[in-house]
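Right, one structure below, let's go through it.
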Amino acid sequence: MAKQTNQAYENSNLFRIRHSTAHVMAEAVLDRFPDAKIAIGPAIDDGFYYDFDLPRALTPEDLSEIEKRMKHILKGNHKFEKEVISAEEAKKFFADQPFKLELIEGLESGGLDEHGNPLEEKPEISLYKSDTFVDLCRGPHVESTKEINPKAIKLLSVAGAYWRGDEKRPMLQRIYGTAFENPEDLKEYLWKLEEAKKRDHRKVGKDMELFSVSQEVGPGLILWHPNGGLIRHLTEEYCKKEHLANGYDIVYSPHIGRANLWETSGHLGFYNENMFSPMKIEEDEYYAKPMNCPFHIMIYNSKLHSYRDFPIRLAEWGTVYRYERSGVLHGLLRVRGFTQDDAHLICREDQMPEEIDEVLNFCLHILRHFGMNEFHAYLSTRDPEKSVGEEKDWLAAQDALKAALERANLAYDIDEGGAAFYGPKIDLKMIDALGREWQLSTIQFDFNLPERFDMTYIGEDGQPHRPMMIHRALLGSIERFMGVLIEHYGGAFPVWLMPVQVKLIPIADRHVDYSHEVAKQLKKAGLRVEVDDGNDRMNAKIRKAQLQKVPYMLIIGDQELEAGEVALRLRSGENPGPMSVETFVERALKDIEELV
RNA sequence: GCCACCGUGGCUCAGUUCGGUAGAGCAAACGAUUCGUAAUCGUUAGGUCAUGGGUUCGAAUCCCAUCGGUGGCUCCA
């Protein structure tokens, strides 16, 4: 049940509009910078871009001038005309366009697409001409610029981008823009972008005092504030309970280990550039751990194992440190120190398929508890160029992963050759508020470490055998997971995770004592409660509670005081009104139970 | 790491074009108000304008460097 590539989009009118708008943009850029070297300009999910080598950096003013020029060009009703030519002719035509020459050579020499990836068959070489602009392009395009509404296009940003995505090659200037079929769609898209920014976990994290990053502490290192700390604690608590109930053993391991360990594991060889520099202790070097596996393996290796012991599942909320290049850090989603809900499943070969099934279902069970039902699943397979282990083991493992995905009824994409050198894997990725994908869960085979650490067990035959090892993280990193979770709910977490579940709002001072009394009862029932006994007006207190996304507001005035009740208001704006304290508690506990 | 942009009280932002040694709102503290479903009023306090250097009689403003952030690119076992 592999997921379809998005053919529908590529065949759509919208796709042609965007691709054609990219050409018009290139024309406008060439009008402004006649010596510009043009690279590639495809349509992408939300719009299009075009890469240029320009004599100077683009300014925001350039962008609006280019956009103005584009609108002018669009009004010209220029036809997009295709012409198929030979490689020779194409080279002559693009003699002063080095990037195009490279593209032509790629097409000619057996077929590389514009990103440098091999094509199945050698393509024809075609030009598309519209107005004064001619581009090497396979199309398709709209018939004429009149099909593009000048009011439905917008240039969005400038960014650096390496030619052919290779950091050793020149950096070009990429202009991102978007285009829609009509101005309303554009407006809606821009509005959605604005709305998405409001859900950004960095903004919500600050507003709700969940976490912070301090320059003093260091970039990519997270400080969890009381509110975020509580949510994290509840998350961990739930997950640990589930792990214990599902056959896992909880272990703990230190944050550093001797160089020797990392040599055996191979990390110093293949992961070195992501590790923090070592510290010297007495005569030995120690490294902060970038992964937990070696420690778990040491626990396994600390005694002799029988084939009857399996499966062994060692789980740890292990904090790891990885050096990430400064430019890639991003709030909670990409950090330098994070805690994985890590586990290593060690089993016999014959147990492996069932083990995969179980862990995948367990993973889905956990994610769904947090309201996450939509993710992209990927199966990453072997790259024969760089892989350890026997091919037959790989194929068996890949089949097991595939079968598990299908039994779980999950749509997935295959990332051909995308596996790490030590084993195939399943990844689950979630999207953030701005549509960027972030990997959370991962289930991966490891054909490398059991070998390196000489892990063994004694089989039925009395002989030593090598066990299989699966490395898995379900939330992935708790930091990243919390980031995605914050954006998923826009900060309005389900009641069970909300730091303050109930806000009591006394209308006047004479209601304060009763409010505290009610609060005491609610706390006794296990609810997290605050009384807003400041001297704001009720409206202001409600507003504050709304902004904090508190699920339940209990208004307490003369009527409630007299009747011994509370008047409930929900963060949705719904107003169930007065009820007894017991009725409210019942309702709240039910909501918590049902993950509302 | 690379390209571009940005950094002003706890937060959001004005002031930077054209140099003349900071201003608002929210939050806070205090006082008044005691109010029925999204902002009551007043007073006060709070900033070496990211850091370091330079130009200048004078720098938040111009220049250089560093640190940090944002959007991309690369990377992401």
Side-chain angles (χ1 to χ4, degrees), chain A residues 49 51 54 56-60 62-63 156-176 197 200 202-203 206-207 209 212-220 265-267 270-271 273-274 290-291 293 320 322-331 333-335 380 386 418-425 427 434 436-439 442 444-446 448-449 471 473 476-477 480 505-512 534-548 553-560 567-571 573-578:
Chain A
Y49 67 80
D51 289 346
L54 300 171
R56 64 168 172 83
L58 287 167
T59 63
D62 286 322
L63 222 57
L156 299 171
S157 61
V158 185
Y162 300 108
W163 167 236
R164 292 217 146 157
D166 183 346
E167 67 178 320
K168 293 189 184 67
R169 309 207 58 180
M171 179 158 273
L172 309 174
Q173 295 189 67
R174 171 173 297 179
I175 305 179
Y176 281 98
K197 280 185 197 153
D200 190 309
R202 292 163 300 185
K203 177 175 163 48
K206 195 183 267 179
D207 289 348
E209 296 177 41
S212 67
V213 186
S214 147
Q215 194 166 329
E216 302 280 296
V217 176
S265 70
H267 285 90
F270 63 78
Y271 203 69
E273 56 189 42
N274 277 296
M291 296 185 200
C293 357
V320 298
R322 297 181 184 176
Y323 165 68
E324 300 281 3
R325 299 208 276 179
S326 55
V328 307
L329 300 173
H330 183 92
L333 298 178
R334 189 85 182 265
V335 293
S380 299
K386 46 164 193 144
F421 74 91
Y422 52 76
K425 59 174 179 169
D427 290 330
L434 288 173
R436 295 175 288 215
E437 274 194 358
W438 297 94
Q439 180 187 315
T442 187
Q444 41 195 106
F445 271 85
D446 194 326
N448 184 235
L449 290 180
H471 178 108
S477 112
R480 176 175 288 183
I505 300 181
I507 291 176
D509 284 351
R510 61 181 178 280
H511 311 126
V512 167
N535 55 4
D536 280 322
R537 292 173 51 186
M538 179 203 67
N539 279 325
K541 291 180 181 176
I542 289 178
R543 184 179 146 81
K544 272 189 202 161
Q546 283 286 157
L547 291 175
Q548 290 164 22
M553 285 156 263
L554 298 180
I555 316 294
I556 292 173
D558 289 336
Q559 294 161 32
E560 287 72 27
L568 175 62
R569 176 193 161 106
L570 305 177
R571 61 184 163 188
E574 253 176 286
N575 205 341

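Residue numbering restarts at 1 for every chain, and letters A, B, ... go by the order of the sequence lines.
Nearest nucleotide to the A/D509 side chain, out of B/G36, B/C73, B/U34: B/U34. Which of B/G1, B/C35, B/A77 sits closest to the side chain of A/K425 comes down to B/A77. Side-chain proximity of A/M171 to B/G36, B/C2, B/A77: nearest is B/C2. Considering only the side chain of A/Q444, B/A77 comes nearest among B/A77, B/C73, B/G36. Among the nucleotides B/G36, B/G71, B/G1, the one closest to the side chain of A/A159 is B/G71. Listed candidates were B/A77, B/U34, B/G71. Nearest to the side chain of A/R322 is B/A77. Set against B/G71, B/U34, B/U37, the side chain of A/I555 has B/U37 as its closest nucleotide.
The shortest non-hydrogen separation linking A/P506 to A/K541 is O-NZ, 3.0 Å. Considering all non-hydrogen atoms of both residues, A/H267 and A/S265 come closest at ND1-OG, 2.5 Å. In plain terms, the two heavy atoms of A/I505 and A/M538 that are nearest each other are CG2-CG, 4.0 Å. When every heavy atom of A/V328 is checked against every heavy atom of A/R334, the shortest pair comes out as O-CG, 3.2 Å.
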(Q) Working note: A/E216 + A/S214, criterion side-chain hydrogen bond (donor to acceptor under 3.5 Å, both in side chains); need CA distance, chi angles, decisive distance, verdict. (A) CA-CA 5 Å; A/E216 302 280 296; A/S214 147; 6.0 Å; no
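Between A/Y49 atom OH and B/C3 atom C1' the separation is 15 Å, expressed in whole Å. With rounding to whole Å, A/Q548 atom CD is found 14 Å from B/C26 atom C1'. Per the geometry, CD belonging to A/E273 stands 11 Å off P belonging to B/C75, to the nearest Å. Atom-to-atom, CZ of A/F445 to P of B/A77 comes out at 18 Å; the value is rounded to the nearest Å.
When atom types are taken as modelled, the side chain of A/Q173 and the backbone of A/L58 share a donor-acceptor pair closer than 3.5 angstrom. A donor-acceptor pair under 3.5 Å links the side-chain atoms of A/R480 to the main chain of A/Q439, judged by distance alone. Using a distance-only test at 3.5 Å, with no hydrogens or angles considered, a donor-acceptor pair links the side chain of A/Q546 to the main chain of A/R571. A/K425 places no side-chain N or O within 3.5 Å of a backbone atom of A/H471 that could act as its donor or acceptor partner.
Remark: A/R164 is not in phosphate contact with B/C73, judged by side-chain N or O atoms under 4.0 Å from OP1 or OP2. Residue A/R174 places none of its side-chain N or O atoms closer than 4.0 Å to OP1 or OP2 of B/C3.
Taking the C1' atom of each, B/G23 and B/G46 are spaced 14 Å apart, rounded to whole Å. Rounded to a whole angstrom, the distance from the C1' atom of B/C30 to that of B/G69 is 37 Å. When the C1' atom is used for both B/U55 and B/U12, the distance is 34 Å, rounded to whole Å.
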Q | Protein proximity profile, nucleotides 38-43 of chain B - base contact B, sugar-phosphate-only contact S, no contact -, cut-off 4.0 Å on heavy atoms | A | BBB---
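With a cut-off of 3.5 Å on both pairing distances, B/U55 has no Watson-Crick or G-U wobble partner at all. Pairing of B/A45, defined by two Watson-Crick or G-U wobble distances under 3.5 Å, is not identified with any nucleotide. Figure legend. B/A14 is base-paired to no nucleotide; pairs are counted as Watson-Crick or G-U wobble with both atom distances under 3.5 Å. If you check B/A32 for Watson-Crick or wobble pairing at under 3.5 angstrom, you find it paired to B/U40. Nucleotide B/C67 has B/G7 as its partner under the Watson-Crick or G-U criteria, with both atom distances under 3.5 Å. For B/C2, the paired base is B/G72 (Watson-Crick or G-U wobble, both distances below 3.5 Å).
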Protein-nucleotides 4-15 of chain B N/O pairs closer than 3.5 Å?
| unit_1 | atom_1 | unit_2 | atom_2 | d |
| --- | --- | --- | --- | --- |
| B/U12 | OP1 | A/K206 | NZ | 3.4 |

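Place A/S326 and A/G577 on RNA chain B by their nearest nucleotides, and A/S326 ends up nearer the 5' end. In terms of position on RNA chain B, the residue among A/Y162 and A/H330 whose nearest nucleotide sits closer to the 5' end is A/Y162.
Ring centroids of A/F421 and A/F270 are separated by less than 6.0 Å, placing the two rings close together.
At a cut-off of 3.5 angstrom, the base of B/C75 holds at least one donor-acceptor pair with the side chain of A/R334. The base of B/G1 is not paired with the side chain of A/E324 by any donor and acceptor separated by under 3.5 Å. At a cut-off of 3.5 angstrom, the base of B/C75 holds no donor-acceptor pair with the side chain of A/R325.
Taking the side chain as every heavy atom from C-beta outward, A/K197 and A/K203 never approach each other to under 4.5 Å.
Among the protein residues, A/A545 comes within range of no part of the nucleic acid, since none of its heavy atoms lies under 4.0 Å from any strand.
By the 6.0 Å and 45° rule, A/R174 stacks over the aromatic ring of A/Y49.
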